[in-house]
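Remarks on the structure that follows.
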Amino acid sequence: MTNWLGMPALASTHGGQIDSMISWVHVFMFILFVGWGSFFTYCLFRFRRSRHPVANYTGAKSHTSSYLEVGVALVEAVLLFGFAIPLWAARVDRMPAESDALVVQVTAEQFAWNIHYAGPDKIFGRRDIKLIDAQENPLGIDRSDPAAKDDITTLNQLYLPVNTPILVRLRSKDMIHSFGVPEFRVKQDAIPGLTIPTWFIPNVTTAEMRSRLGNADFQYEIACAQLCGLGHYRMRGYVTVLGADEFQKWIQDEEEKLKSAAADPFK
Ligand SMILES: [Cu+2]
């Protein structure tokens, strides 16, 4: 089905299924709306006062409306059990293996997104609450841990390789936030004390989307989708989807920066 509902541009592999689900729900709800609306109008006319000065205590004898009710319930059951629940199960039960995916830890806080990559060793370094510094080290990463030396962190900038399963481990430092990227058809709450996984495969690079939309300034945005305080409106991050080579280059550049920073701690 084409995008007759005017939804945001699509940029993930599973998003099409979600869009067709949303479209079908709208089609069925429209049929219901027209059906019940016509029935209501018919009743207003059919049982008007001038024709029925005295109430009829027997009511309708035909079973048509019962059959219609059963039909509506059946369609809704098929929508729910045939489409919605299997689609949901595929999102939350069948996560990609960590070895096949890029794992990114995303920690929400008022009012920013802290992004943490494990780096080339694929092991996330130790973090310690005592090392947390709002400016210098918002995640409290212990750089003396060997596994932490190559860990890359960014603020509000999520870089992803195209056509790769992305496994986001979502956390929150303070209250409930929600990681929402409309183009990926992904939205997941971040809850303090929990690490919640969510995954998707972005399949359109930022550059490709810019040329598709004819908008050179287009950016995928992480919108916080839960009202989380006074600064909620400015809690947004950006996702840059890169080609596989460009992503590798970005990782290498970040590694270089880490090395030079470690060599010269006063810089
Ligand atoms: Cu928030």
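The model shown is predicted, which means the values in this text are computed figures rather than measured ones. Counting convention: from 1, in listed order, for ligands and their atoms alike.
- Of the possible polar contacts, one joining the Gln110 side chain to the Cys228 backbone as a donor-acceptor pair under 3.5 Å is found.
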Go through the steps for Asn203 and Thr13 under the test side-chain hydrogen bond (donor to acceptor under 3.5 Å, both in side chains), then give the verdict. CA-CA 6 Å; Asn203 61 0; Thr13 50; 5.5 Å; no
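- By the 6.0 Å contact criterion, NE2 on His63 is open, its count of non-hydrogen atoms from other residues, nucleotides or ligands being 12 or less.
- Here 4 is the count of protein N, O or S atoms positioned under 2.8 Å from the Cu ion (ligand 1), waters not counted.
- Each of Phe184, Tyr159, Phe200 was checked for a ring pair (Phe, Tyr, Trp, His ring centres under 6.0 Å) with Tyr220, and the lone residue meeting it is Phe184.
- Within a 6.0 Å sphere centred on CZ of Phe39, other residues, nucleotides and ligands contribute 12 heavy atoms or fewer.
- Counting only heavy atoms from C-beta outward, the side chains of Phe28 and Glu76 never approach each other to under 4.5 Å.
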